[in-house]
Amino acid sequence: MTVKVLIAGDGASAIKTAKELSANGIGTVLVSRKEIDRADFLKEPIQKENTGTLLYSNSEIISCRGCVNDFRITIRSNEKDISETVSGVVIAEEYRRKDNFESYGLRPSDSVISLSEIVNAIENKTSPQGLLKEGLKVLFLTGCNQESNPVVLNEIMTCAFQLQKDYHQEVFVLTGNLKVGGEGLEKLYRETKASGVFYAKLNQIPPVVAQSDDGRVTVVYQDEILQSPVKIFPDLAVVDEELLPSENLEALAGVFELNQDKAGFLQTDNVHRETVFTNRKGILVVGSSRCIADHKTKLDDAGNAALVMMRLTAEKTEPVSVGKAKIGVVECARCITCFRICPYKAIRLEGRVMVCADACEGCGICVAECPREYITWSGPGISDDLDKIHVSRILDQTEEFIPEIVAFCCTRSAGRSFRLATDQLQNSLPEGLKIVAVPCAGGVSMGHILSTFMKGADGVILLTCHPGNCHSEVGNHYAKTRAENVKARLSVMGFEKERLHIETIAANMGTEFGRIVNAFQKQLLELGPSVIRKNLKYS
Amino acid sequence: MLFRSITIVKWIMSAKRDQGGIESRMPDKKVLIIGSGVAGLTTAIELAKFDVKVVLIEKEKTVGGYARQFTCKATDDCVKCGACIVEEKIDAAVSHPNITIYSGVCLTDIVKKDGFAISFVDRNHEKQACEVDAVVMATGFQPFDPIDKPFGYKRFDDVITNLDLEKRLRQDGVVKRPSDGSVPKKIAFIQCVGSRDSSLNHLWCSKVCCGSALRMARLIKFREKSMEISVFYIDVQSFGKDFQNNYDLIKDQVRMIRAIPGDVFLTDDRKIKLEYYLPALRKQTEELFDLVVLSVGITPNRNADPIAEKIGLKSTGSEFLDEQSMVSAPGVFAAGTATGPKSITESIADAGRVALDVLNYFQTQHN
C-alpha cells in the first residue's frame with residue numbers, strides 16, 4: 001500500500017517536509033490556501049518514482065474523520081469537496097506577522113515602516129519608496145517595550161549589516177534584551193558592530209518616541225553609561241514585528257481536534273510533545289506552527305516529521321493490541337464520557353462509540369472514568385497488577401509495625417524515579433513499599449484505590465507527573481480530583497484520610513522519590529496499622 | 001477551473017523500477033555513535049527503529065551525558081527544562097535489541113575504509129573491534145572551566161558553577177554553602193561566564209544558561225521564600241514557549257542586574273564580595289553574597305578533536321564541529337552540542353534529523 005501524508009501549508013516548512021517525505025518514498029498531499037508555485041516543488045526532483053505530490057491550491061481542509069493510518073480528509077477546493085485518505089497529517093503553516101507600531105505609539109508613514117518592508121526591499125534589491133537610498137539615517141526599534149526573539153533579531157541584524165555595507169546608510173539599533181540565543185547571532189552582532197552599526201541597549205527606561213505631523217520620528221533615550229539623554233532624528237524608523245501563529249491554526253485546531261498552547265500554536269507547552277508531536281497520534285506539527293522557529297528548527301522539524309511518518313508505516317507490521325482500551329459493544333450505553341475525555345481523541349463516534357486502537361496510548365483514563373465500567377483493557381491492566389499485590393497479615397500485636405504501602409507510580413515519572421532510587425539509595429526505601437506501575441496516574445480508578453485499602457494496605461500513595469508534564473495532559477489532574485474524592489469518602493466512613501497521599505514527581509528525581517515515600521511511611525507509623533489490616537482473616 | 005487548482009506533480013526518474021514499496025528498514029547497516037548524551041541516545045534510538053544496528057560508545061562509566069546530572073526544576077508546575085526526558089531516552093536505548101552500549105570505553109583507533117574500522121578498549125580492559133558503515137559524532141560539549149576568570153572558582157569554596165548547583169539540587173533538594181554546609185541567605189548568579197567573550201574568541205551565546213539559572217533561581221525561591229537572589233547578566237535570552245510570562249514572574253522574585261561583576265573577594269567573615277558597576281548609580285558597587293553561582297558556557301569538546309581529525313573532519317580551532325565540513329567526509333555525521341550550543345530539546349530535534357540524514361545516506365549508497 002502506498003503511504004500518503006497530508007501537509008497543511010505552503011511555506012518553507014511545508015515544502016521541506018514534502019521533500020523529505022517524498023525522498024523517503026512517502027506520497028504527499030499538500031493543501032494551500034493560496035496559489036502555490038509549482039516551480040518550488042520542481043527545483044529539486046529528488047523523489048522516488050513511485051511517489052508523487054498532489055497539490056491543492058486555493059483550498060482548505062474542512063473536516064477530518066478517522067484516526068492514524070486512516071484519516072479521511074475533506075478538502076474544499078474551488079467550491080468542490082474532495083476526499084483524501086491519508087496515513088498521517090503534518091501541519092506546516094508559517095507565521096503571521098504583526099507590526100509593533102502601536103506599542104511605540106507610531107503610525108506607519110513614509111519614514112516609519114515595518115521590519116517586513118525593509119526585509120522585502122533588501123531581498124528585491126530595489127525600493128520604489130527610496131528605502132535603500134545611500135546615506136540615509138535608519139533606526140531599528142526592537143524589544144524595547146516587549147521581549148523580542150532571535151528570529152526577529154537575525155532579520156534586523158542581517159538588514160542592518162546590508163544597509164550599512166551595501167547602501168552606506170547610518171544604522172542605529174535601539175533594543176531591550178539583545179536576543180543572540182540563536183545560531184551564529186553573537187558573531188553576526190559583532191560583525192555588524194564592527195562594520196559601524198550602532199547599538200544602544202535599554203534596560204530600565206524605555207525610549208521616548210515622538211512622531212511629527214509629516215510622519216518623521218524623534219527618539220530620545222537615556223544612555224545608561226553616559227547617564228544623559230541622547231536624541232536621534234532618523235530619516236527612517238523600522239519597527240520590529242511580533243511573530244504569531246498563522247490565523248489558519250485556529251481552524252486547523254478545530255478540524256483536527258488539536259490542543260493549542262497559550263499563544264495559539266498547535267502544540268501544548270509539554271516536553272512530551274517534543275519535537276513534532278501533538279495530542280493526536282499521526283498528526284504532527286512543524287516549524288512556525290508549533291513555536292517561534294528559526295531556519296534550523298524548521299529543517300530539523302521537517303526531518304523529524306519524515307522520520308515519524310516513515311516509522312508509522314514500518315510499525316504497522318508489528319501487532320499492537322495489548323494495553324489498549326476496549327469498549328464493551330453490547331453493554332455501552334453511549335453516554336460518550338470516554339469520547340469527551342480521551343486526551344488523544346482516540347475514541348471516535350463512527351456509527352458507535354469505538355476505540356481506535358492505533359491511536360490509543362493506553363493511559364486508561366477512559367477505563368477509570370466509564371460510569372458503568374464497560375471499558376476494559378485488551379491484555380492485562382492495572383487491576384491485574386493489583387491482584388498480584390499481597391498485604392501481610394499482622395499475626396502478633398507485639399511485632400514491629402512495618403507499614404504496607406502501595407504506590408501507584410506513573411511509568412513515565414515515578415516508575416523511573418523509583419528505579420533511580422533503588423539504584424542510588426539501595427536499602428533506604430520503606431520495607432513495606434509495593435509498586436504498581438501504571439501507564440498514567442489518571443488510569444487509577446476509585447475502585448483501584450479502595451480495593452487496595454480493602455486488601456489491608458496501611459497507606460496508598462499516588463505518584464503522578466508534575467502539572468504540565470503529563471503525557472496525557474490531564475491524567476495527573478484526574479488522579480488528583482479522584483484522590484480528593486476518595487479522601488472525602490474515607491472521612492465519611494471514619495477511615496483516616498491521611499492514609500491516601502498524592503504527590504507529583506519527575507522521572508529524574510531518585511532522591512525525591514525516597515524522600516516522599518519515607519515521609520509517607522513516617523506518617524503511617526504514627527497512624528499505626530489500618531483497621532482493615534488488623535482484621536484481615538487471611539493473607 | 002478545477003484543473004488549475006489541482007496539479008499532480010509526478011517525477012519520473014530514470015532510476016530502476018524494481019523497488020516496489022518503501023524500504024526504510026536497513027538491517028544490514030551498522031552505525032557507530034560516539035557519545036551517549038541525549039543527542040547520541042536519540043540518534044541511536046531513531047536508527048534502531050529502522051533496524052539499523054547501533055554501537056553506542058561512551059567514555060564515562062555511566063550513560064546520559066551532562067543532561068542526566070540536571071535537576072528537575074518544577075515548582076508546583078513543570079517548567080519544561082527537559083531534564084526528565086533523558087531517563088526516558090536511556091530506558092528506550094538500553095532496552096532496544098538493535099543497540100549495543102559500551103560505557104567506560106576508550107576509543108583507540110578509527111580508520112576510514114569502505115566504511116570505518118574501529119577499535120576500542122571496553123570497561124573490562126578488553127579490546128573490541130568492529131566495522132561500521134557510518135559514524136555519528138555525538139561528542140557533546142565541554143563546560144567552560146572558569147578557573148582563569150577572576151571569579152575565584154576553586155579558590156573560594158562558595159563559588160560554584162551552574163552544573164555544580166544542578167547536581168546539588170538534584171541530590172539534596174536544597175542549596176547549601178559548600179564551605180560550611182549552611183543555608184545561604186544571599187545568592188548571586190553570574191551569567192555568560194565563558195560565553196559571548198571576545199577575549200576568549202568565544203563568539204557565541206550558550207543559549208541555555210539564562211533559562212537554567214532563572215529556573216533554578218525560581219526553584220530555590222519556591223523552596224526557601226526568604227532567599228535573596230540576584231542575577232548578573234548581559235541580555236536575558238528567551239527560553240520556553242511562554243517566556244514573556246515566565247520571565248515576568250521571575251522578575252518579581254529575583255533581582256536582575258545588567259552588569260557582569262569584575263573582581264571577587266573573600267571577606268573575613270567568609271562571605272563573597274562582588275564588585276560591579278551599577279549604571280543607575282554611575283559608580284562601582286560592592287555587595288556581599290553567601291554563594292556565587294557561575295553560569296559557565298557551552299564550549300567545544302576538545303577531547304573529540306583527535307577522533308574528528310582521523311575521520312577527515314577539519315579541525316576548526318576554537319569552533320564547534322562544522323556541518324559544512326561533513327560534506328567532505330562521507331559517512332560522518334555530527335549531532336547535538338558537538339555542532340554548537342543547544343538545549344536538551346534542541347539536541348533531541350537535531351539528533352532526530354541526523355538519524356534521517358544517516359538513513360538517506362544509506363539510501364543514496366544503495367541506489
Side-chain angles (χ1 to χ4, degrees), chain A residues 3 23-26 38 41 45 47 49 52-59 77-78 80 146-147 149 177-181 183 185-187 190 203-204 224-225 227 261-262 269 271 274-275 291 297 299-301 303-304 306-307 310-311 313-314 416 466-469 506-509 511-512 515, chain B residues 1-2 5-13 15 17 19 22 24-25 46 49-50 68 70 72 74 76-78 80 82-88 91 170-171 173 196 198 203-205 207 235-238 240-244 247 258 279-280 282 340 345 348-350 352-353 355-357 360:
Chain A
V3 178
N24 287 288
I26 297 174
R38 203 153 66 97
F41 285 83
Q47 283 76 0
E49 75 272 20
T53 298
L54 197 57
L55 306 181
Y56 288 97
S57 289
N58 306 313
S59 307
S77 188
N78 289 8
K80 195 172 181 301
Q146 72 243 71
E147 294 289 332
N149 58 64
N177 282 313
L178 196 71
K179 301 287 180 178
V180 286
E183 221 175 46
L185 295 190
E186 176 71 18
K187 210 174 225 172
R190 305 269 173 169
N203 187 12
Q204 259 100 32
E224 285 169 9
I225 293 162
Q227 283 295 300
D261 71 358
K262 276 185 196 156
D269 194 6
V271 290
E274 295 284 350
T275 49
C291 62
T297 306
L299 290 185
D300 285 351
D301 283 4
N304 280 292
L307 208 58
M310 285 156 69
R311 218 162 61 210
T313 63
R416 294 200 170 96
H466 290 294
N469 193 287
N508 57 341
M509 300 307 278
T511 13
E512 188 98 352
R515 202 160 38 234
Chain B
M1 204 50 179
L2 190 68
S5 66
I6 308 172
T7 330
I8 298 175
V9 188
K10 210 148 196 182
W11 292 270
I12 309 294
M13 284 174 65
R17 283 188 166 274
Q19 243 183 298
I22 305 150
S24 41
R25 288 172 175 252
E46 295 300 331
K49 283 175 182 162
F50 292 93
R68 204 194 185 183
F70 297 169
C72 167
D76 269 337
D77 294 354
C78 168
K80 285 87 186 177
C84 56
I85 297 295
V86 186
E87 296 298 330
E88 197 179 313
D91 273 4
R170 179 160 175 170
Q171 276 157 25
R196 306 187 67 186
S198 54
L203 303 183
W204 59 83
C205 160
K207 288 169 90 175
D235 292 291
V236 178
Q237 300 307 320
S238 306
K241 282 181 131 192
D242 203 13
F243 171 73
Q244 182 82 52
Y247 184 44
R258 202 173 197 168
R282 284 185 83 177
T345 50
I348 293 171
D350 187 60
R353 199 251 319 138
L356 183 72
D357 288 350
N360 284 342

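Below, chain A is the first sequence line, B the second, and so on; all start at residue 1.
- In terms of modelled atom types and a separation under 3.5 Å, the side chain of A:Asp269 and the main chain of B:Gly240 share no donor-acceptor contact.
- By number of non-hydrogen pairs under 4.5 angstrom with chain B, the leading residue of A:Gly468, A:Gly181, A:Gly303 is A:Gly181.
- Per-residue counts of heavy-atom pairs under 4.5 Å with chain B were compared for A:Ala306, A:Cys291, A:Ala507, A:Pro467; the largest is that of A:Pro467.
- Heavy-atom pairs under 4.5 Å with chain A peak, among B:Asp357, B:Leu356, B:Ile85, at B:Leu356.
- Of all non-hydrogen atoms in A:Asn304 and B:Ala349, the two that sit nearest each other are ND2-O, 2.8 Å.
- Of all heavy-atom pairs between A:Ala506 and B:Cys84, the closest is CB-CB, 4.4 Å.
- Here the straight-line distance linking atom CD of A:Glu186 with atom OG of B:Ser198 works out to 8.5 Å at 0.5 Å rounding.
- To the nearest 0.5 Å, atoms CD (B:Glu46) and CE (A:Met310) are separated by 10.0 Å.
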Self-check item: side chain to side chain contact (heavy atoms under 4.5 Å, CB included) evaluation trace for B:Trp204 with A:Leu185
Solution: CA-CA 7 Å; B:Trp204 59 83; A:Leu185 295 190; over 6 Å; no
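- Of all heavy-atom pairs spanning B:Gly173 and A:Arg515, the tightest one is CA-NH2, 4.0 Å.
- Proximity to chain A is limited to the side chain of B:Asn360, based on heavy atoms less than 4.5 angstrom apart.
- Pairing each heavy atom of B:Val236 with each of A:Asn177, the nearest pair is N-OD1, 2.9 Å.
- With a 4.5 Å cut-off on side-chain heavy atoms, A:Lys262 and B:Lys241 do not count as touching.
- Using a 4.5 Å cut-off on side-chain heavy atoms (C-beta onward), A:Glu147 and B:Phe243 make contact.
- Contacts between A:Glu274 and chain B at a heavy-atom distance below 4.5 Å involve the side chain alone, from C-beta outward.
- Residue B:Tyr247 touches chain A through its side chain alone, counting heavy-atom pairs closer than 4.5 Å.
- The most heavy-atom pairs under 4.5 Å with chain B, out of A:Lys187, A:Gln146, A:Met509, A:Arg416, come from A:Arg416.
- B:Ser238 and A:Lys179 get closest at one heavy-atom pair: OG-NZ, 3.2 Å.
- Only the side chain of B:Gln244 comes within contact range of chain A, with at least one heavy atom under 4.5 Å from a heavy atom of that chain.
- Residues A:His466 and B:Cys72 approach most closely at NE2-SG, 3.7 Å, considering heavy atoms.
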Quiz prompt | CA sep, side-chain torsions, deciding dist, call: B:Arg170, A:Glu512, salt bridge (charged side-chain N to carboxylate O under 4.0 Å, His left out) | solution = CA-CA 8 Å; B:Arg170 179 160 175 170; A:Glu512 188 98 352; over 6 Å; no
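- Rounded to the nearest 0.5 angstrom, B:Ile348 CD1 and A:Asp300 CG are separated by 12.0 Å.
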Quiz prompt | Test log, rule side chain to side chain contact (heavy atoms under 4.5 Å, CB included), inputs A:Leu178 and B:Arg196 | solution = CA-CA 12 Å; A:Leu178 196 71; B:Arg196 306 187 67 186; 4.1 Å; yes
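- Ranked by heavy-atom pairs under 4.5 Å with chain A, the list B:Arg68, B:Glu87, B:Lys207, B:Gln171 is led by B:Glu87.
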